[in-house]
Structures are given as C-alpha cells and as structure tokens.
Participant: 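After the structure tokens below, expect a handful of questions from me.
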Number of protein chains: 2
Amino acid sequence: MALKPLGLGLASRRVLSDVVTDDLRDAIISHDLEPGRRIAEDELALQMGVSRGPIREALMRLDREGLVTIERHKGARVASWNDTDIQEIYSMRSALEVLAIEWACKNATSSDLKAMEEILSTYNKLSEKQRTPREVSRLDLEFHTALFAAAHHERLFKTWEVLRSQIHAFLVYTWSQDGKINKVFLPKWGPDHAVFIEVIRNKQISKAKETVLGHVERGLARVATHFIEEPKPKKKVAKR
Amino acid sequence: MALKPLGLGLASRRVLSDVVTDDLRDAIISHDLEPGRRIAEDELALQMGVSRGPIREALMRLDREGLVTIERHKGARVASWNDTDIQEIYSMRSALEVLAIEWACKNATSSDLKAMEEILSTYNKLSEKQRTPREVSRLDLEFHTALFAAAHHERLFKTWEVLRSQIHAFLVYTWSQDGKINKVFLPKWGPDHAVFIEVIRNKQISKAKETVLGHVERGLARVATHFIEEPKPKKKVAKR
DNA sequence: TGCTCTATTGTTGTTTACAAACAACAGTTT
DNA sequence: AAACTGTTGTTTGTAAACAACAATAGAGCA
C-alpha cells in the first residue's frame, strides 16, 4: 500500500481516501490526466492498489471541487474548461476576494500579515529561472489563500478552496503556453501583492476593495485571451 | 428496501444515497434531529434499512452543505449555530446575491421572470393562517433560488445551494419562535420581492444591487436578534 | 439495407465482512 | 488519592463480493 510514511507534520491522521484525493488532484492539475478523460473506479483502484471505497470518496470530493464531473450510473471524467467557465470562475473570485479583504481588514492578526509577507519574500528570492509558470502560479494561489485565511471566515475559506482548485487546474497550463505575458507580468507580481498587505494593515477597506477588483480583473484579462483562441475544447473520448 | 416508488417527476433516477440525503436533510431542517446530536452510521443504517455505504455518502454531502460536521474516526454530528455563523452566512449571502442579481439582469429569460412571479403569486394567494413560518420560509428560499437560477451561473448556483441549506436550517426554527416579527414582516414580503422582478426586467443593475443589499441586511437584522439572546448553544451530548 | 429487440459486457450502486482507530473503564502501582 | 496501563467495547475505515443499471453489439426480421 502506497502510504507515505512520514510526510509533513499533519494535524489529523492521513487516511487512504486523502492520499487518493491528493494524488488525483495533482494528476489533474498537472494535466497528467487530460480534460474529458474518463476515470473508471475499478481501473484507478487497481492502479493505486486500494479498493473502490476510497476511490469513490476521492472522486466525490473532486466532483465537489469541480475538477471531475460525476454522472449517475455513468461515472466520472476529468472536467474540461471553456470561456464560459472562465467567466464564471473569475466573477465568483471577484465577489469572494472583495469580501475576503474586507473581513481581513477587520480580523487579520499580525501573524496573518507575516504569513503573507513571507510568501512575498519567497517569491522575491526566486531567480529568473526559478520563476516557472508552475512555481509562480503555486505561490500566487498560496498568497491569495493566505489572504482568505486572514479573513477568518470559515465558509468563505471553504468556498475559496473549491475555486482555487479550478483556477489552479487551468492556470499552470495556460501560463506555460504564453511566454510574452509572463515577461510583462512576472516583474510586477511582487509590488502588486505588496499593496495588498499594506491596505490590510492600514485597514483601508474601500481602497482594499478597489485593489482586489483591479487585480482579479487583470488576471481574467490575461487568462481570457487563451480561451478565445481555443474555441471549443472538444470533449475527447479518451481511451486508456 | 424503503424506496419511494413514485415521487415527483424526477430528471435522473433516484438512488439510495439520494433518498438518505434528502430524508436526513429534512430531519435536520425540521429539528427532528437537534443540533449537536451524534449520528452513528450503523444506527442510521439500521433505522433506514440500508447499508452503511449510502449513509456515508449522504453524511459526506451534508457535511459539505454544512448541516453536519464529520470528524475523522469520531463520526458525524448535527451542526449547531452561533452568532458568528450567522454573521458569516449573511455576509456570504450578500456577496452572492449581489453577483446573482447582476448576472440575472444580463441573462434572465422571460421564463425565469415568470417563475419568480409565480412564486410571488403563490404567496399572495395564501390566507393568513397558511402563512406559517415553515411555509413562508420555504417560499422565501424558493424565490431566492429562482433568482439564482435566473443568473445562469452554474458555480454561483451550487454555492447558493450550500448556503440555502444552512439558512433553512435555522430560519424555520428562528421564525417560529417570534410572533411579533412575523406580524410586521409578512405583509411586506410580497411588495418587497416584487421589486426584485421589476429591476431585473428593466436591467437596472445598480438599483438591483442596492435592493438586494438592503433586503439581505434586513433579513440579518431579523435573525440576529435571536442569536444574541441565546448566547452559546452549548453542545449537548445527546443520548439516543 | 435498415430497423428493433435481445443478450452481453462493462461499469457503477449496494451489501457484507473484516481491520484499525478511538474512547471509556477497571485494575494496579506509586 | 492520583496517575498510569492494559483491556474491552463501540465506531469508523477498507476490502471484496453481489446486484442493478446503461451502453453496445449482434441476431432476427421486414
């Protein structure tokens, strides 16, 4: 059984369905499993060396996260994205992040701010070569996750986690396809996010909201161009 | 096996875990299962005449909906509410409904508007006696669900469904405890919601947003008073 | 050739049985 | 009396077998 013996210091004991969920999520985000691909419980169970129980549980969770789509009696497939999805995701993100930064202004502790600063400084320490799409998108989402954590709003955080998975799923892929966007975007990443910390610390709620809105909208603009070119990600019926 | 042979005309075939989920949800919302109550899989399985599989699935879904809380190796209990929860829920609701009505202004079809009007007229046809807290809260949530449907925003709708369950879970209970609030609230319900339909039809986005914001905030004010009196819903360790 | 019906096959839904984790208790030791 | 330790009982996590459903291919017929 493929249990990782000693991973990070985890709060609650890891259980098989957790392992399966995380592995599957990684596989989807890294596009090892292409969008539209069918996932049979039996096949996956055999491949991962566990029974179907934990697999079913993992698939249900990923369905909730929007990374797979389960149809009754028909099974699961990896979710695929079109421009409508992008519009939905980013409009949700705007609404949620505005709420998040509002609550963060009220509730953020100094350790919350410190956590955000550390992510920022981690980014600044990266060399140009280390700033791969994969790594930057990871740090980007980590930063925003820290923002949501600073809001101290349980339901908001859970909702963000769902959205984050979906964003992650197409962000790595999208960015890695576009060299020139990265050229203009990467240098601005640091200063851009430094503003977040500042407005939260000073509790400038209305300015904070504006900052977030602009930020998310620029993010959408970068991503959207990709999904106009690629008209309809035709559902490919993938064979194993 | 306790399958309801012919329920409503359902789109996809109902499966055991669906039945269990719906029954359990109803039981929680109607307070047949009091907040904090322990739910053992075996016990429930025996009681409903199904095996633990569907039960587990149902509990996981209701955990996602926020109606039960699952702790690893410790099982599930019915969620309980305090004033912090109320603040979280209503702040989320504001953000979501503003987004919803914005999208509804852009995307609502005439049949969407008709659906909302019909709920309104159903309400108006109710006699005073029929306007029980249970019935009114059901219609209220149905109306707002119609609003979210009119937005034609899949992810927004799913997020609303989660929130709706939670609201429903304490709304029936809260309202049924307070006679005088209903006296001033019920007569205004109809006109209040009629405005929604009007601003959507005329696509008055900014006015629509204001309308929604005020509406939700008044809702919060009504509910919040209840949770100030009742300081801490002590976790009662309920025996069966 | 084209259609319908049936049988087959592969997949998911459900059940049952077993293993592991946790919680409560009793007995022992200090 | 208090704290530790081993045991027992209850409950969840996992596995494997069985049943039901959906899709498909092929036989039979017009």
Side-chain angles (χ1 to χ4, degrees), chain A residues 1-7 10-24 33 36-64 68-79 235-240, chain B residues 1-7 10-24 33 36-64 68-79 235-240:
Chain A
M1 235 133 295
L3 281 182
K4 297 175 184 174
L6 37 99
L10 344 126
S12 57
R13 186 166 251 94
R14 260 168 92 79
V15 94
L16 276 188
S17 54
D18 294 334
V19 179
V20 175
T21 305
D22 292 344
D23 284 3
L24 243 185
L33 295 173
R37 161 144 190 181
R38 182 78 201 291
I39 303 178
E41 293 177 2
D42 253 334
E43 182 196 348
L44 193 58
L46 196 68
Q47 188 178 320
M48 301 194 74
V50 299
S51 74
R52 278 176 52 213
I55 301 283
R56 276 177 77 81
E57 210 169 307
L59 286 174
M60 282 183 55
R61 289 194 213 163
L62 293 173
D63 175 88
R64 166 185 98 100
V68 312
T69 310
I70 297 180
E71 279 180 294
R72 188 136 299 162
H73 288 293
K74 290 209 213 163
R77 31 182 87 247
V78 178
K235 310 182 185 181
K236 57 172 73 173
V237 186
K239 58 191 175 305
R240 334 181 171 170
Chain B
M1 236 130 295
L3 279 183
K4 296 176 182 174
L6 37 99
L10 349 123
S12 57
R13 186 168 249 94
R14 263 165 87 82
V15 95
L16 275 188
S17 53
D18 293 334
V19 179
V20 175
T21 305
D22 292 345
D23 284 3
L24 243 185
L33 296 172
R37 160 144 191 181
R38 182 79 199 292
I39 304 177
E41 294 177 1
D42 248 333
E43 182 196 348
L44 192 59
L46 197 69
Q47 189 180 320
M48 302 193 74
V50 300
S51 73
R52 277 177 50 214
I55 301 282
R56 277 176 74 82
E57 212 170 306
L59 286 175
M60 282 181 54
R61 288 193 213 164
L62 292 174
D63 175 87
R64 169 183 95 101
V68 311
T69 309
I70 297 180
E71 279 181 293
R72 186 138 298 162
H73 289 293
K74 288 207 205 163
R77 27 182 89 248
V78 178
K235 311 183 184 180
K236 59 172 72 171
V237 186
K239 58 190 175 307
R240 334 182 170 172

Participant: The side chain of A:A40 lies closest to which of these nucleotides: D:dT12, C:dT12, C:dT14?
Facilitator: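 For A:A40, the side-chain atoms sit closest to C:dT12.
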
Participant: Could you tell me how far apart A:E71 (CD) and D:dA22 (C1') are, to the nearest whole angstrom?
Facilitator: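 Computing the A:E71:CD to D:dA22:C1' distance gives 12 Å.
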
Participant: On DNA chain D, does the nearest nucleotide to A:G53 precede the nearest nucleotide to A:K74 from the 5' side, or the other way round? Give the residue.
Facilitator: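 Nearest-nucleotide comparison on DNA chain D picks A:G53.
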
Participant: Under the side-chain hydrogen bond (donor to acceptor under 3.5 Å, both in side chains) test, which residues partner A:D22, sequence neighbours left out?
Facilitator: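 So A:D22 forms a side-chain hydrogen bond (donor to acceptor under 3.5 Å, both in side chains) with A:R14, A:R25.
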
Participant: Sequence neighbours excluded and cut-off under 3.5 Å, please list the side-chain donor-acceptor pairs for residues 53-61 of chain B, or say none.
Facilitator:
residue, atom, partner, partner atom, Å
B:R56, NH1, B:E41, OE2, 3.2
B:R56, NH2, A:E57, OE1, 3.3
B:E57, OE1, A:R56, NH2, 3.4
B:E57, OE2, B:S17, OG, 3.4
B:E57, OE2, B:R61, NH2, 3.3
B:R61, NH1, B:D18, OD1, 2.9
B:R61, NH2, B:S17, OG, 3.0
B:R61, NH2, B:D18, OD1, 3.4

Participant: Kindly give the heavy-atom pair with the smallest separation between A:R38 and A:K74, and that separation in Å.
Facilitator: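 Closest approach of A:R38 to A:K74, heavy atoms only: NH2-O, 3.0 Å.
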
Participant: Measure CD/B:E43 against C1'/D:dT10 and give the value in whole Å, please.
Facilitator: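 Roughly 12 Å, once rounded to whole Å.
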
Participant: Specify the separation, in whole Å, of atom CG of A:L44 and atom P of C:dT11.
Facilitator: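 It works out to 13 Å between those atoms.
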
Participant: Rounded to the nearest angstrom, tell me the gap between atom CG in B:L16 and atom C1' in D:dC21.
Facilitator: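 Taking CG of B:L16 and C1' of D:dC21, I get 13 Å after rounding.
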
Participant: Can you check the B:E41 CD to D:dG13 P distance for me, whole Å?
Facilitator: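 Taking atom P of D:dG13 as the reference, CD of B:E41 is at 6 Å.
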
Participant: Given atom CZ of B:R72 and atom P of D:dG13, what is their separation to the nearest angstrom?
Facilitator: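 Whole-Å distance recorded here is 7 Å.
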
Participant: So does B:T69 get a backbone contact from the side chain of B:R77, meaning a donor-acceptor N/O pair under 3.5 Å?
Facilitator: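 It does not hold such a pair.
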
Participant: What is the distance, rounded to the nearest whole Å, between atom CG of A:D42 and atom P of D:dA17?
Facilitator: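 Nearest whole value for this atom pair: 12 Å.
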
Participant: In this structure, how many angstroms lie between the C1' atom of D:dT12 and the CD atom of A:E57, rounded?
Facilitator: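 Result: 11 Å.
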
Participant: Under 4.0 Å between a side-chain N or O of A:R38 and OP1 or OP2 of C:dT12?
Facilitator: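 So the side chain of A:R38 is within the cut-off, an N or O lying under 4.0 Å from OP1 or OP2 of C:dT12.
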
Participant: Would you say D:dT14 has OP1 or OP2 under 4.0 Å from some side-chain N or O of A:S51?
Facilitator: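 Answer is no, no contact under 4.0 Å.
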
Participant: When all nucleic acid strands are considered with a 4.0 Å heavy-atom cut-off, which category describes A:I55: base, sugar-phosphate, or nothing?
Facilitator: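 Answer is nothing: A:I55 stays at 4.0 Å or more from every strand.
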
Participant: Between B:R56 and D:dT12, does any side-chain N or O lie under 4.0 Å from OP1 or OP2?
Facilitator: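 For B:R56, the contact criterion (side-chain N or O under 4.0 Å from OP1 or OP2 of D:dT12) is not met.
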
Participant: Determine whether B:L24 and B:L44 make a side-chain contact, defined as any pair of heavy atoms from C-beta on separated by less than 4.5 Å.
Facilitator: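 Contact flag for B:L24/B:L44 side chains = yes.
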
